[in-house]
Amino acid sequence: MMERKVVEKEISIGPVHPALIEPYRIRLFVNDEIVEDCEININMAYRGIERLLEGLPVEKALLITERVCGICSNVHTWNSVRVVEAGLRIEVPDRANYIRVLINEIQRIASHLIFFGHAFEVLGHETFAMRSFLLREVFMDLMAYIGGNRVMPAVPVIGGIRPRADLTDSLKRVISERINDFEKKYREYVERILADSMIMSRLTGVGLLSKEDAIKYHATGPNGRASGWNYDIRTLMHEYEPFDFEVIVLNEGDNKARVVQRALEVFECLKIIRQILKNLPEGPIVNRDWIPGKMNYTISYFEAFRGELMHSCALDSQGLIRGYKIRTPTPTNLAAMERACVGDHITDAILTIASCDPCLTCCTRVEVINFDESKTMTVMDIMKKYGRR
Amino acid sequence: MIPLLRVMLQGIYRNFIRIIAKVDRATSIEIRDKVLTLSVPAWETVLDEMCIGCGGCEKVCPTKAITMVPLEKPVEIIEGYRREKVPRIDLMKCVFCLNCHDFCPIFALFGEAAPIHARDVGSPKMTLSEILKKPIKAPPEKIEELRKLIPSEFFKAIRR
Amino acid sequence: MELLITSLIAAIISIPYSLIIPGIERKIQARIQQRIGPPILTPGFWAVLKFYYKKDVEPIAFLSRFYKSLIWLGIFIVLFLLFFSMPSWWNILGWASILGLVGLLKLEESLYVFMGAQSQSFLSTTMPVPDLAKGAKGIGIHREFLEQHSAERAIKMMAVGSLPLYIALLVPFAIAKSAMISEVVRVQNPGFFSLAFSLPSNPILFTVPGFLATIVYFIGYVILLNEKPFSILKAKIDVIEGGVLEYAAKLRAGYYIMRNLLLFVLSSIFVTLFLGIPFDPLKPFYLIFNIILSLIMPIALSILVAFSPILTFRQIYPSAVGLSVLGALALIISILGV
Amino acid sequence: MGLKAIARKNAIHAMLVYTGGCNGCDIEVVNAIFSPRYDIEQYRVLITWNPREADVLIVTGCVTWQMVEPLKKLYSLIPDPKGVVAVGACAINGNVYKNMVGDIGVNEEVFAPVDNIIPVDVKVPGCAPRPEDIIMGAVKAVPKLMEAP
Ligand code: SF4
Ligand code: SF4
Ligand code: SF4
Ligand code: SF4
Ligand code: SF4
Ligand code: SF4
Ligand code: SF4
Ligand code: SF4
C-alpha cells in the first residue's frame with residue numbers, strides 16, 4: 001500500500017473536454033499545481049461489444065470487431081480473423097499475409113501520426129498538430145485506395161483478404177511514390193520538432209515511467225518500449241517473419257522518449273512497407289476452403305499500435321460465436337500513466353496521459369463496480385445515487 | 001547549434017513565403033468547390049449495372065433501408081430476363097450490417113465478391129454477363145435461402 | 001467638452017478596428033498552417049455581432065450579477081487605458097498618466113481572478129457522470145471547478161507574469177526623464193505639438209535600451225493577453241478558457257470586444273511610447289499612422305502563437321524572471337546612458 | 001437578409017461531442033478541423049470547446065448511457081439559436097451496436113439515435129463519413145440558424 005498523501009483538492013476533467021475528445025474522466029488530486037494522485041475513469045464508451053458478438057455467425061464478428069476502434073480498425077479485424085484461423089487451422093496464402101501486414105503498417109503510421117496530432121494539441125501547439133494531420137492524409141488516402149474507406153479499410157477476411165484489397169501494379173507504384181514523398185517531409189518534420197527547444201522543455205523529464213513500473217503495470221507497446229522494455233509481439237508473429245525491421249527501444253521513459261520512440265517507429269514501418277512492395281509474392285489472396293464449425297476456446301495475441309491486444313473466442317457447432325473476449329492495450333497503459341503523471345504539474349500530467357496515446361473505445365467494457373450491495377445496480381440506481389450532486 | 005540555426009532560418013524563410021504568397025497551401029480546392037455548392041457526391045452503394053433486380057436485398061435488410069426503384073427503361077440482361085428495378089439504400093436507415101451484400105447473389109451492393117465484410121462499392125472487374133456465366137459457389141443453405149428470397153426466373157439465371 | 005468628443009471618437013474608431021485584428025491574426029496563422037483560414041472579418045467582427053444577436057442566458061455563476069458586470073467593467077478599463085494615452089487627456093492627468101496605465105493594467109488582470117472565482121461551468125465538477133461510484137481515492141476532498149483553478153493561476157500570473165511589462169513601460173519614461181506621456185512623445189517627436197504631421201525624429205525603439213524594452217514589452221504583451229505560450233490561465237487543455245467560460249450571448253460579445261480592444265490598445269500604447277506617434281483623434285495623420293503601426297504587435301503575436309506550445313509554471317517563472325532582468329537592464333541603461 | 005442573418009452566416013461556432021462509438025467519426029471530424037486539406041475554418045466554421053460559445057453541436061457516436069445526461073445538459077446550455085449535426089451511422093441509428101445484436105436481443109447500453117435525446121437538424125450518414133460530408137453537414141445547419149428569430 002502506498003501511503004496516502006494529504007491532498008488539497010480535486011480537479012476533474014471530462015468526459016467532454018478538448019484534451020480528451022473521447023469520453024473519459026480524469027480526476028486529478030492536486031496540491032496547488034502538483035498532481036499527487038490520479039484516477040482515470042474509462043467506462044463512458046461502454047457499448048457491450050463482447051456481448052453483442054455472442055451468438056453471431058463468425059463472419060459477422062468482423063463487422064463488429066472492426067468497429068471496436070476507428071483508429072486501429074485493422075488490428076481488431078485482423079486479430080479476430082487470426083483467432084478463427086488459428087482455431088480452425090485455416091491456411092492463409094502468403095500474398096494475403098503480405099497485404100495484411102501492409103495495411104497494418106499503413107494504419108500504424110496513421111495512428112502514430114494521430115498521436116503526434118493529439119500530443120501537440122495537448123501541448124497547445126496547433127500548427128504542428130495540423131502538420132501531422134496533413135502528413136497523415138497520405139495514409140488515409142492509401143487506405144481508401146486499398147480498402148475503399150478511409151477509416152475502416154476492412155482488408156482481412158477469414159482465410160485471406162478481400163478481393164478489392166489486392167495490390168495491382170499501379171497501386172503499388174502509387175504507394176511507393178507516396179511513401180517516398182512522405183518520408184522526405186516527415187524527416188524534416190521530426191527534425192524540426194526535435195530542434196524546438198520550447199517543445200522539448202515541455203517534454204523532457206516529464207511523466208517518468210521506469211522500466212520496473214512499465215513491466216509491473218504491463219504498459220506494453222510504444223510506452224513500454226520507451227521505458228526500456230524490449231517487448232514487441234511482432235517479433236513473435238509468423239506474419240512478420242519475412243520482414244526485417246528493428247524494435248525501437250529507448251531508456252528514458254519520459255514524454256520525450258514516448259514521442260521519439262513513435263517517431264522512429266514510423267521509419268521502421270516504412271521499411272516494412274518497402275519490403276512488401278518489393279517482395280510481394282504472387283498467388284491466391286484468399287483461401288475459401290473452410291467451413292465454420294466447432295472451435296475450442298482460442299486466444300490470439302497481437303501487437304496493436306498501442307501495445308498488446310488479445311482476442312479470444314470459441315465457436316459452437318453451427319459456427320456461432322461463444323464467449324468472445326477482447327483485452328486491449330489501453331487499460332494497462334492508462335494504469336501506468338496514472339502512476340507516471342504523479343508529481344508533475346497539472347498541464348504536464350494531462351500531456352503525460354495523452355502521451356500514452358489513450359484510446360478508450362476499445363477498453364471500456366466493464367461497467368458497474370458494486371461496492372457493498374450484493375444486488376446489481378440498475379442504471380437508474382446509479383443515476384440516483386451518484387449522478388447528480 | 002548549426003543544425004538548429006539551419007532549421008530556424010529555413011523555417012523563417014518558408015513561413016514568410018507562406019504568409020506572403022500563399023504557397024504550399026494544402027487545402028483541397030476541389031473539395032472546397034464541392035462543399036460550397038453543397039454537391040459532395042453521396043456514397044456509392046449500389047452497382048446499378050451489375051444488379052439483376054431480384055429484390056432479395058430488400059427482403060433481407062433488417063432496418064428496411066432498401067427500396068426497389070423501378071427503372072424507366074428495363075434492361076435485358078440475359079435473354080429472357082429483364083432488370084426492371086434496382087435497389088436504393090436509404091443511408092439514414094442503413095446500419096452497414098452488410099446483410100444485403102451477403103445475400104446479393106452477385107454482390108452488387110457495397111462492393112465486390114467478398115464473402116462478407118466490404119464497405120464501399122468496389123470497382124468490378126467483370127461484366128454482369130461474365131459473372132452470370134460463372135456458376136456460383138455457395139453452401140446449400142445459402143442456396144435454399146436465395147431460392148426463397150428471389151423470384152424463380154432470376155434464380156434460374158444465376159444457377160445455370 | 002473636447003475631452004468627451006475625442007474619447008467618443010476614439011471609442012468609435014478603436015472598437016470596430018480592433019475587431020478586425022483577430023481575423024488578420026487567424027489568417028496569418030492559417031497561412032503558416034498551410035490552409036486558407038477564415039475570412040478576415042469572421043473571427044472578430046461577425047462573431048461579435050452574432051453573439052450579440054444570440055438569446056441571452058443566465059450564466060452559472062456564484063454571484064451572477066457581479067459576474068456579468070465584470071465584462072462591462074473590463075471594457076471600460078481597456079477604453080480608459082486608451083484614453084489615458086491620448087493627448088487630450090494628458091493635460092488633465094499630467095504625471096498621473098503612467099500610474100494610471102499601470103493601475104488600469106493591474107485592474108484588468110485582476111478581473112480574471114474575479115471571473116474565475118465566480119464562474120461555475122458544468123464542464124468539470126458538476127458534469128453529470130456517475131464517477132463517484134469509483135472515486136474511492138478521494139472521498140470527501142474539495143472538488144474544484146476548472147475556473148477556480150484558473151483563478152488561482154491568474155493570481156500567480158499577476159504576481160510574476162506581468163512584471164516585465166511594467167518594467168518595460170517605465171523605460172521610455174526613464175529615457176524622457178519625466179513621468180508624463182507628453183514628455184515621452186516630445187523627446188521622440190518634437191514636431192508633434194506643432195506640425196500637422198511629422199515622423200518621429202528619434203524614436204526610443206531604435207535606441208539600445210528602447211530595443212531591449214521593446215522585446216520585454218512584447219513578451220509582457222503576450223503575457224497580459226494570456227496568449228500562447230503564456231496562456232496557462234486559459235489553457236485549452238486543462239482549464240479550457242478559465243474564468244470566461246460561462247459568458248454567453250451578449251456577454252460573450254462583450255468579452256470578445258474586451259479582449260480584442262486590449263490587443264489593440266496595448267499595441268497602440270506601444271506605438272505612442274516607443275515611436276512617438278500618439279493615438280490622437282484630432283490629428284488624423286497621427287491617428288492613421290498609429291493604428292497602422294499598431295498592427296505590428298498583433299502580427300508578431302500571431303506568429304509567436306503559431307509556433308509555441310503552452311508553457312507551464314515550470315518554464316514561466318524562469319522566463320518571467322529572465323525577462324524582468326532584461327527589462328531592468330534596459331531601465332538601468334536608459335537611466336545611466338542618456 | 002438582415003444583418004442578423006448575415007452575422008450568423010459568417011461566424012458559426014461548432015462544438016464536438018463524442019458519445020461512444022468507435023472513434024472513427026470522431027477522428028474524421030478532427031480531420032475536418034485539423035487537417036489543412038479540409039480546413040473547416042474556411043467555411044466560417046470556428047471550433048470551440050465551450051457550449052456557451054457554440055452554435056452548432058456536432059454529435060458523433062452511439063450515446064452510451066453515461067453520456068446521455070452530459071449530452072442533454074450540454075445541449076440545454078447552448079444559447080439559442082442552435083443546431084445539432086449528428087455524424088455517422090452510430091448517431092443516426094445506432095449502427096451495428098444497436099441493430100446487429102447476437103443472442104441478447106436488445107442492446108441496452110446504446111441509447112442511439114441521438115434523436116431520442118436531443119433534436120437533430122442535420123444527419124450525416126456513413127461509417128465513417130468522409131470529412132467533406134461532415135463539413136457539408138455543418139454548413140447545412142446554417143439556414144436554420146439564420147432563420148431563427
Ligand atoms: S483480466 Fe483484466 S483485470 Fe484481470 S489482470 Fe487482466 S487486465 Fe487486469
Ligand atoms: S485519445 Fe487516441 S483515440 Fe482518442 S482521440 Fe486521441 S488519439 Fe484518438
Ligand atoms: S487502444 Fe484499442 S481502440 Fe485504441 S487504437 Fe488500440 S486497439 Fe484501437
Ligand atoms: S466485460 Fe464482462 S460483462 Fe462486459 S462484455 Fe465482457 S464479459 Fe461481458
Ligand atoms: S447494410 Fe444492412 S442496413 Fe444497410 S441496406 Fe444493407 S442490409 Fe440494410
Ligand atoms: S440482391 Fe443484389 S441483384 Fe438482387 S436486387 Fe439487390 S442488389 Fe440487385
Ligand atoms: S455464401 Fe457465405 S459469404 Fe456468401 S453470402 Fe453466404 S454466408 Fe456470406
Ligand atoms: S458511425 Fe461508424 S465510424 Fe462512426 S463512430 Fe459509429 S462505428 Fe465508428
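Labels below follow one simple rule: chain letters A, B, ... track the order of the sequence lines, proteins then strands, and each chain is numbered from 1. These numbers were taken from a predicted model, which means no experiment stands behind them.
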Response to the item:
Most heavy-atom pairs under 4.5 Å with chain C, out of D/Lys82, D/Lys72, D/Arg37, D/His13, belong to D/His13
Fill in: Within residues 40-53 of chain C, residues adjacent to chain D where the heavy-atom gap is under 4.5 Å
C/Thr42, C/Pro43, C/Trp46, C/Ala47, C/Leu49, C/Lys50, C/Phe51, C/Tyr53
Worksheet entry | Option among D/Asp55, D/Leu145, D/Asp80 that satisfies the side-chain contact (heavy atoms from CB on, under 4.5 Å) test with C/Lys54 | D/Asp55
Worksheet entry | Side-chain heavy atoms of C/Pro128 within contact of D/Val68, under 4.5 Å | no
Worksheet item: Mind checking which of residues 56-66 of chain C sit less than 4.5 Å from chain D, heavy atom to heavy atom?
Response: C/Val57, C/Glu58, C/Pro59, C/Ile60
Worksheet item: Pick from D/Ile78, D/Thr48, D/Val45, D/Leu74: which one has the most heavy-atom pairs with chain C under 4.5 Å?
Response: D/Leu74
Discussion item. Counting only heavy atoms not in C/Phe307 (residues, nucleotides, ligands), do more than 12 fall under 6.0 Å from its CZ?
Written reply: yes
Worksheet item: Given a strict heavy-atom distance threshold of 4.5 Å, which part of D/Ala54 is in contact with chain C: side chain, backbone, both, or neither?
Response: backbone
Worksheet item: Under a 4.5 Å heavy-atom cut-off, does chain D meet the side chain of C/Tyr255, its backbone, both or neither?
Response: neither
Worksheet item: Mind checking which of residues 26-36 of chain C sit less than 4.5 Å from chain D, heavy atom to heavy atom?
Response: C/Arg26, C/Gln33, C/Gln34, C/Arg35, C/Ile36
Item to complete: Decide yes or no on side chain to side chain contact (heavy atoms under 4.5 Å, CB included) for C/Phe122 and D/Lys73, but give the supporting numbers first.
Response: CA-CA 9 Å; C/Phe122 102 116; D/Lys73 187 83 195 267; 3.1 Å; yes
Worksheet item: Between D/Ile40 and chain C, which part of the residue has a heavy atom less than 4.5 Å away: side chain, backbone, both or neither?
Response: neither
Fill in: Residues which pass salt bridge (charged side-chain N to carboxylate O under 4.0 Å, His left out) with D/Asp115, listed by chain and number, not counting sequence neighbours
D/Lys123
Item to complete: Would you confirm whether D/Asn50, through its side chain, and C/Glu241, through its main-chain N or O, come within 3.5 Å as a donor-acceptor pair?
Response: no
Worksheet item: For the residue pair D/Trp49 and C/Leu123, what are the closest heavy atoms and their distance?
Response: O-CD1, 3.8 Å
Worksheet item: Between D/Arg8, D/Lys4, D/Lys9, which shows the greatest number of heavy-atom pairs under 4.5 Å with chain C?
Response: D/Lys4
Practice prompt. State, yes or no, whether a side-chain contact exists between D/Glu41 and C/Pro38 at a heavy-atom distance under 4.5 Å.
Written response: yes
